[in-house]
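To start, the structure itself, in C-alpha cells.
Please read all numbers here as calculations on a predicted model, not as lab measurements. The chains referred to below are lettered A, B, ... by the order of the sequence lines, with proteins before strands, and numbering in each begins at 1.
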Amino acid sequence: MQYNHLDIEKKWQEFWAENQTFKASNESEKPKYYVLDMFPYPSGAGLHVGHPLGYIASDIYARYKRHKGFNVLHPQGYDSFGLPAEQYAIQTGQHPAKTTEANITTYRKQLDKIGFSFDWSREVRTSNPEYYKWTQWIFIQLFNSWYNKDSDKAEDISVLEKIFKKEGNATVNAVCDDEIKLFSSDEWKAFTKVEQEEVLLQYRLTFLSDTEVNWCPALGTVLANDEIVNGVSERGGHPVVRKKMTQWSMRISAYAQRLLDGLNTIDWPQPLKDSQTNWIGRSQGAMVSFNVDNGSEKTPSDVKLTFKELEALKELRLNLSKAEMTLWNELKNKKGAVKFRKKYTIGTFLVDYVCLAKNLIVEFSGKEDEVARTEFFNNESFNVVRFKNEEVIENVLKVVAAINNAIQFPKKIESTSVNKEAVKDENQYKIDVFTTRPDTIYGVSFMTLAPEHELVSKITTDAQKAEVKAYITATAKRSERDRMADVKTISGAFTGAYAIHPFSGEKIQIWIGDYVLANYGTGAVMAVPCGDQRDFDFAKHFEIPIPNIFEGVDISEEAHTDKDGTKIANSDFLSGLKYKKALKLAIFEMEKRGFGYGKINYRLRDAVFSRQRYWGEPFPVYYKDGMPQMIDAKHLPIVLPEVEKYLPTEDGKPPLGNATEWAWDSRGKKVVSNDKLKNKTVYPLELNTMPGWAGSSYYFNRYMDPNNENEIASKDNLEYWENIDLYIGGSEHATGHLLYARFWQKFLFDKGIVPVDEFAKKLINQGMILGTSAFVYKATAFIQNGCGCSDEKSNDDVIDKIPTVFVSKNLFNSDDEFEKVVKNYLLDTKFLNPNFADLVMITKTPLHSDVSLVNASDELDIDGFKNHVLNADYKNAEFILEEGVYKVGREVEKMSKSKYNDVNPDNIVADYGADSLRLFEMFLGPLEQAKPWKTSGISGVSSFLKKLWKLYFNGEIFEVSDTEPTKDELKTLHKTIKKVEEDIENFSFNTSVSTFMIAVNELTALKCNKRAILEPLTVLVSPYAPHIAEELWSLLGYKESISIVNFPIFDAKHLVESAKNYPISFNGKMRFTLELPLDLSKEEIEKIVMENEKTIAQLDGRIPKKVIVVPGKIINIVG
RNA sequence: GCUCAAGUGGCGGAAUUGGUAGACGCGCUGGAUUCAAAAUCCAGUUCUUUCGAGAGUGUGGGUUCGAUUCCCACCUUGAGUACCA
C-alpha cells in the first residue's frame, strides 16, 4: 500500500480534535511538565515556514514528555491586541476585532494542518474581555502597591498610609519619585484628600508621570524611536516634536536588583541574559556633590586618617558589644536618606553610629570627653543623641523610636563658634554627579552639565550668557537621534562658573556639552579627562588641562581607561593605591566628610504604560478632581467602547476620545453615556489604552486556569503547574516581553498571588529560518551617448527591436562577459543589426524570481516565469541558456514576500505532508541557529517516511512478523533509542532525524519487519512524525492513540561488541584500520600491530619511538 | 567602540571528558528500470595526485603521542547594544 499523507494526516487531526487527546488535566498522579511557545500575534499575512520552527520543536518535546509519563500542559493562544489591526482599521474602517478574528481563523487553520498537540481548550486571546479583565485587575493591584526597600518587596498601599498617619514619611524607605517632600504625621493628617492622593501616587507601583514622547501632530499620535526617520515620521514624513505628556508608568526600576539576581536562577541562553543585564545596567559608584564657587573663601577639610588607622577601624567595627550589636541590628536595615553607619570618625572622634544624610549622631553615654564631643559635633552641624547601655538592652524599640523622632524633628543647633555652614547663602548651588570612578576624583579638571540642566541658567556668568544661550538653542534643534548618532563632533560651551573640588578645594570650570544626557543619572558629570575618552576629547578640544593621576601611564594621546593593575598617583591620600582600594577609600572619605556616598545606579528606567491607541486594553480608571481612581475589581472588565473612527480626536485626544459611551457612573457602577458627565457622580474615564506587553506579561499563568471567572487562576492550579518548564521563542523578545513579564511575575509573587517568582525555568531561542532567494539576470540595452549619430529615431528602432533578455547564471563572470554574451546572442538571432552593434550597450540587472519556479538544480521553469502574475512584462522575453537550461543565482536573505523567497507551509503540507514538514524543519540544522530554507531538500525526509512505511508492508499488504529479532536488528533499535533520547533531552532535533534515517536504512537492508523492532520504532518516531506513527500504531492493532504509550527503554546489552575496527595512526594521522578483538591486552595489541605488514610498510625501516595503545579507541605509532 | 555567537565539501549540516574529519540529507556523476519521463533502486562524490600517496575543519602560533575540539593573537560574518558618566 502506498503511503498517502493526505488521508492519514486528515484522519488523525480529526481524531485528536474529537477525542481531545491533548487536553491537560489539572490533577494527575503524573509529574507535571509545562511547555509553552511565545505568544503569537495573528498577523494578516499568515505563516511562512519560519514561524512554525519553534512550535514544532516544542511540540516534539511535549509529545516526548507524554511518552515519558508526564502530565503535559501545552497550550496556545493569541496576543491579539496590536497595531497592525488598528492600522488596517484606520485604512478600511473595519473593526479591528473583526479583522483580528479573521486572522485568527486563518492562523488556526494553518496551525492545525501541522499536527500540533496543543490543548486548544485553554486558548486565550488578550483582546477578549474575559481575558483582559485580569490584565485590568493586575493593573489595579499595581496601583494599590508600593515598594518597601526594607522588606525588599511590594506591599499594600494601606500599609504605607498607616505609616504616614503614624509617623510621616521620614522613616519610609521606599522606591518612589525623586524629590519627595518630607512631612510629619500631623502634616499628613492636615492634607486634603487630593493632596494625600497626590503623595500616594508618588509611591504607587503604577503612577502618572510627565514623560517626554515623540509627538507627531499631523498623525495625532506618539511614535516609537524607530518610527522616526531623519526627524520626520516614517509614515507620511510629518514633523515630530518632543512633548511632555502625562502617562501611566510602571515602577519596574524597583525590581532592578531582583531582576538581575533572578537571572542566576534560570536556565536561559547566555546572550539573552547578557542583554537583560545590559539593559538593567547596574553600575556601582558614588554620588558626589560639588559646590559651585560663590566667591567666599573655603578651605578643604583636612581631617583625615591614614590607611592604617582605617584598617584598625574596620577591625573595631567587627567587634561590637552586646548593646551595640542590639541597636545596630535595628539601625542597619535603614537605607537611603536614613542610612546609619557604625564606628565612624567625625573629625578625630570615633562615634558609635551616624546618619550622615540627616546629620545625626547616636552614641552610648558615659564617654569621658562627652562635652568636648558635643561641642565639636554641633560645630560640624551634627545633632547628638545618647542612650545608656541598659536602655538599649531593655527596650531597643523604644530607643529606635526616639532616634526616629530625632531624625524627623532635628533640634536647632546652638553653635558656640562660627558655623561654617552659616556662610551658605542663596547663591550657594550644588552640582550632584554620579561617578563609577570615585577613585579618580583628583583627576577632575572640569565638570560638564547637560545643556538642559536646571542649574545652567542660574550659574552662567553674564560674560558667557550669549554663548551658552546660543549653544543651548543649537542643541535643542538636534533630535535625540542626531545627538546620539553624531559621536565625532565635540561641542560645548563654558558657563563662566566654577565649582570647588571637594577634596583639593581647587576651582574647576563648569561647562555644558551635549554628550551629557539630561535624563541619565543627574545630568551632570565630573570630567576626568585622563581616565575617560569622551572627557579627554572634550578637554583636548577646548584646551582644558588634563592632569595625570595614573602612575607611569602615558596619557598624551588618549585616556587611560583600564582600572586593573594601575596605581593612582598625584591624588593626596589615594596616591599609591590600586583601583579597588582607592575606590573604597575615596567613598569612605566622601561619606565621612559628608559630600558624597556610595551608590548603585541602574540604567533601567520606569516603563511607560500608556498608549494613545484604540486597539488595546482600556484602563479601569476614572478621574475625580483630576486624580485617578480605580474602579472596584468586582465591576471588571471595563469593556473597550465602540468608536466611529479609530484615529485620534481633532483636539489631539487618544482614539477613545471619540467614544460617546465612556463615562463612569460611580453610583450605578457602570459605564454610561458621556451626556451624563454633568451629573456629580459621573466621571470621565481614562482615554489611553495599555501597551502590547500588558496582556503578554502574565498569560502563562492564565493558561493554568483559563476559564476561571473569580481568580486569575485558582491557587491549586497555580501551585500544581507552578511555572513554565520549557519556553521557546525568538530572541527579539529579550528585553521587551521577557523583562516585563519577569517584573510582573515578581510583583504577583510579592503579593502572594503566584507561588514562584520566575515564570520560566528554561528558555530556548529558536534561530531564524532565512530564505534562499533566486536571481535571474536581466539585460538592459541602451544606446551609447555621444556617438555622433544624426538620426535619433533610427536609434530608437534599434532598441525597440531588442527584446528583454535573461542570461543564465554561469555564462558570465563579469559585466563585460555579460555584455558580450548578450550581444552575440542578439546578433545570432538577428535582433540586432551588426551595423549598430557598437552603438548598443548592455547592463546587467539581477531580479528576484519567485523561488517556487526554481527546482533543486537551480533551474528556472521558464514558462512558469513568463506566465507568473508578477512577470507580465516578460511574457516575450528571451532566455540565453546553458546546456539547455536556465540557471538562477542564489543568495541567502531574510525570508519575506518582497524578496519572493517566502514559502507557505500550507503548500509544503499539501505536497509532502505535515510529517515531512516537521521532520524537515528539524533536519535543517540546530534549533538555536539561523539557517536557510531550500524546499528541494525536503525530498530527503519525504523519501525517509516512504521507506519507513515500506518496512511494515509486503507489497500491498500490511505484514509484520512476530518472530524473534536478530542481534543486528536489536542493535539498530537500541542504538536509535539511545541517540534519540539523548538528542531530545539536549534539544538536538536535527541529529535525531539523521538517526531515524540511519535506522530505517539499516532495517531496510536487514529486511526487518519484526513487530519487536517496529513497534518501539513507531513510538520513537511519533513525536517527530505523529500522523504516520498513529496510522502505523493502529495498523499494528492498537485502538488507543500512540501519544501516551511509554517511550522504549534503552538496553545497553544489545550494543556490546566483541571486536573493534582499530584505526592505526602514524604520528597522529590515520593510515589504515585493523579489526581486533576487544579483550586483548595493550601488549598483545601492540605486538599484532607491529607485526602487521602495512605497519612495516608505513614505517619503511624506521624504528618507532613510542607506541600508544588506547584499548577500544586508537593505536598511534610515533616515530 | 563594547558584549555575545559562529567560521568544516558545491549546499544544509555531523563529529568535542582531545582519539578513524565530512555521518545523514540535498545537489552532482554513472548505472538499472522505462517507448520516454517521473518515481524507485544500485554505485560513486573533500581537494591534489606521477594512483604510490599527500594535504585538509577562517589565518598564524602554542600545548599534546594525537587538536574541528584546549590556550594565545589575528581575520571575517552575524546578532544585540551604545555619547550610560
Side-chain angles (χ1 to χ4, degrees), chain A residues 269-275 277-279 281-283 285 433-437 447-448 450 480 483-490 513-517 519-528 531-535 537-538 601-603 731-732 734-735 765 767-768 770 772 855-858 890 892 919-920 923-926 928-944 946-947 950 988 990-999 1001 1004 1060-1073 1097 1104-1110 1112-1119:
Chain A
Q270 198 54 43
L272 197 159
K273 287 187 183 182
D274 290 346
S275 84
T277 305
N278 187 278
W279 195 260
R282 182 186 201 268
S283 50
V433 298
F434 177 75
T435 173
T436 52
R437 296 293 303 273
M447 303 192 77
T448 316
E480 204 170 65
R483 272 170 72 172
M484 285 200 290
D486 183 13
V487 189
K488 297 257 154 62
T489 323
I490 296 161
D514 65 5
Y515 78 97
V516 177
L517 299 181
N519 51 9
Y520 183 77
T522 61
V525 299
M526 57 172 234
V528 183
D532 182 287
Q533 195 56 47
R534 278 163 307 154
D535 294 344
D537 294 341
F538 195 88
N601 235 23
Y602 299 94
R603 193 171 74 108
S731 55
E732 67 272 19
T735 45
N765 286 131
M768 213 191 309
L770 305 163
T772 314
N855 74 5
S857 309
D858 295 346
R890 291 289 204 174
V892 172
L919 284 167
F920 187 53
F923 188 62
L924 280 177
E928 298 93 331
Q929 250 171 52
K931 55 236 155 204
W933 175 277
K934 224 174 158 185
T935 303
S936 54
I938 203 169
S939 63
V941 293
S942 176
S943 60
F944 155 73
K946 287 180 201 159
K947 281 190 219 164
K950 270 193 192 162
S988 172
N990 53 327
T991 48
S992 39
V993 179
S994 304
T995 306
F996 288 137
M997 289 175 172
I998 294 166
N1001 288 347
T1004 305
K1060 158 90 188 168
N1061 196 20
Y1062 278 96
I1064 315 296
S1065 303
F1066 292 82
N1067 297 322
K1069 295 240 179 277
M1070 204 280 288
R1071 293 307 176 201
F1072 61 91
T1073 59
K1105 284 185 197 140
K1106 203 172 174 188
V1107 178
I1108 285 144
V1109 177
V1110 186
K1113 283 219 162 144
I1114 196 171
I1115 292 140
N1116 190 19
I1117 298 161
V1118 187

>> In whole Å, I'd like the distance from the NZ atom of A:K931 to the P atom of B:U8.
In response: 16 Å
>> Does any part of the side chain of A:I998, heavy atoms only, come nearer than 4.5 Å to the side chain of A:N1001, both counted from C-beta?
In response: no
> Among B:G25, B:U81, B:G12, which nucleotide sits nearest the side chain of A:K947?
Replying inline: B:G25
>> As a test of the definition: with a 90° window around 0 for syn, would you call B:G9 syn or anti?
In response: syn
> Roughly how far apart, to the nearest Å, are B:U50 and B:U64 at atom P?
Replying inline: 38 Å
> With rounding to whole Å, what would you report as the distance between B:G13 and B:U29 at their C1' atoms?
Replying inline: 22 Å
> Quick one: A:Q929 CD to B:A5 C1', roughly how many Å, whole number?
Replying inline: 9 Å
>> Going by purine N1 to pyrimidine N3 plus the second Watson-Crick contact, or the G-U wobble pair, all under 3.5 Å, which nucleotide sits opposite B:A73?
In response: B:U59
>> As a test of reading the structure: which of B:G19, B:U40, B:C4 is closest to the side chain of A:N1116, going by heavy atoms?
In response: B:G19
>> For a quick test of reading the model, state the closest non-hydrogen atom pair linking A:F923 to A:V993 and the distance between them.
In response: CD1-CG1, 3.6 Å
> Closest approach of A:A527 and A:T448, non-hydrogen atoms and distance?
Replying inline: CB-OG1, 4.3 Å
>> Under 4.0 Å, counting only non-hydrogen atoms across every strand here, what does A:K273 touch: a base, just sugar-phosphate, or nothing?
In response: nothing
> Contact class for A:S939 (heavy atom, under 4.0 Å): base, sugar-phosphate, or nothing?
Replying inline: sugar-phosphate
> Which one, B:U81, B:C84, B:G12, comes nearest to the side chain of A:W279?
Replying inline: B:U81
> Watson-Crick or G-U wobble partner for B:A43, using a 3.5 Å limit on both distances?
Replying inline: B:U29
> When we call it a touch if two heavy atoms are under 4.0 Å apart, what does A:N601 touch: a base, just sugar-phosphate, or nothing?
Replying inline: nothing
> If you check the A:S283 side chain, which of B:A85, B:G19, B:C26 turns out closest?
Replying inline: B:A85
>> Within the 4.0 Å heavy-atom criterion, would you say A:S1065 contacts the bases, only the backbone, or no part of the nucleic acid?
In response: nothing
> Considering only side-chain heavy atoms of A:K1069, which listed nucleotide, B:G56, B:G19, B:C24, is closest?
Replying inline: B:G56
> Touch check for A:I998, heavy atoms < 4.0 angstrom, all strands: base, sugar-phosphate only, or nothing?
Replying inline: sugar-phosphate
>> Tell me the closest heavy-atom pair linking A:R603 and A:W279, and the distance in Å.
In response: NH2-CA, 3.2 Å
> What is the distance, rounded to the nearest whole Å, between atom CD of A:Q270 and atom P of B:A6?
Replying inline: 12 Å
>> I need the minimum non-hydrogen distance between A:D858 and A:R890, along with the two atoms involved.
In response: OD1-NE, 3.0 Å
> Given atom CE of A:M1070 and atom P of B:A53, what is their separation to the nearest angstrom?
Replying inline: 13 Å
> If we take the C1' atom in both B:G19 and B:U81, what is their distance in whole Å?
Replying inline: 42 Å
> Between B:G25 atom C1' and A:M997 atom CE, what is the distance in whole Å?
Replying inline: 5 Å
> Parallel, tilted or perpendicular: which fits the ring planes of A:F920 and A:W933, with parallel below 30° and perpendicular above 60°?
Replying inline: perpendicular
>> Quick check for you: among B:A39, B:G54, B:U20, whose closest atom lies nearest to any side-chain atom of A:R1071?
In response: B:G54
>> Rounded to whole Å, how long is the line connecting atom CD1 of A:I1117 with atom C1' of B:C65?
In response: 11 Å
> When you compare B:C65 with B:G1, how far apart are their P atoms, in angstrom units rounded to a whole number?
Replying inline: 40 Å
> Across all strands shown, which nucleotide pairs with B:U20 by Watson-Crick or G-U wobble geometry, both distances under 3.5 Å?
Replying inline: none
> Expressed in angstrom and rounded to an integer, what is the separation of A:R282 atom CZ from B:U81 atom P?
Replying inline: 23 Å
> For B:U81, which nucleotide is its Watson-Crick or G-U wobble mate, given both distances must be under 3.5 Å?
Replying inline: B:G1
> Expressed in whole Å, how much space separates the C1' atoms belonging to B:G9 and B:U45?
Replying inline: 10 Å
> Which part of the nucleic acid, if any, lies within contact of A:D532, taking any heavy atom under 4.0 Å across all strands shown: a base, the sugar-phosphate backbone alone, or nothing?
Replying inline: nothing
> OP1 or OP2 of B:G25 sitting under 4.0 Å from any side-chain N/O of A:N1001?
Replying inline: yes
>> Under 4.0 Å, counting only non-hydrogen atoms across every strand here, what does A:A930 touch: a base, just sugar-phosphate, or nothing?
In response: sugar-phosphate
>> Can you tell me which nucleotide in B:C26, B:G19, B:A85 comes closest to the side chain of A:K1113?
In response: B:G19
>> Between A:N1067 and A:I938, which residue's closest nucleotide on RNA chain B lies nearer the 5′ terminus?
In response: A:I938
> What interatomic distance, in whole Å, is found between C1' of B:U46 and the corresponding atom of B:G56?
Replying inline: 8 Å
> Nearest to the side chain of A:D514, which nucleotide is it out of B:U3, B:U20, B:C83?
Replying inline: B:C83
>> Side chain of A:R603, heavy atoms from C-beta onward: which of B:U20, B:C24, B:A82 has the nearest atom to it?
In response: B:A82
>> Quick check: closest heavy atoms across A:N765 and A:P269, and the distance to 0.1 Å?
In response: OD1-CG, 3.5 Å
> When the distance from CG of A:L924 to C1' of B:C11 is rounded to whole Å, what number comes out?
Replying inline: 12 Å
> So, do A:N990 and A:S988 sit near enough that their side-chain heavy atoms are less than 4.5 Å apart?
Replying inline: yes
>> Please report the distance separating the C1' of B:G80 from the corresponding atom of B:G62, rounded so that it comes out in whole Å.
In response: 33 Å
> Using the glycosidic torsion, which applies to B:G52: syn (within 90° of 0) or anti (everything else)?
Replying inline: syn
>> Roughly how many Å apart are B:U3 and B:C74, using the P atom of each and rounding to a whole number?
In response: 12 Å
> Relative to the 5' end of RNA chain B, which residue comes earlier, A:R437 or A:N1061, by the nucleotide with the nearest heavy atom?
Replying inline: A:N1061
> Would you call A:R534 and A:I490 a side-chain contact if the rule is heavy atoms closer than 4.5 Å?
Replying inline: no
> Who is the Watson-Crick or G-U wobble partner of B:A53, with both distances under 3.5 Å?
Replying inline: B:U48
>> Using a 4.0 Å heavy-atom cut-off, does A:V1118 contact any base of the nucleic acid, only the sugar-phosphate backbone, or nothing at all?
In response: sugar-phosphate
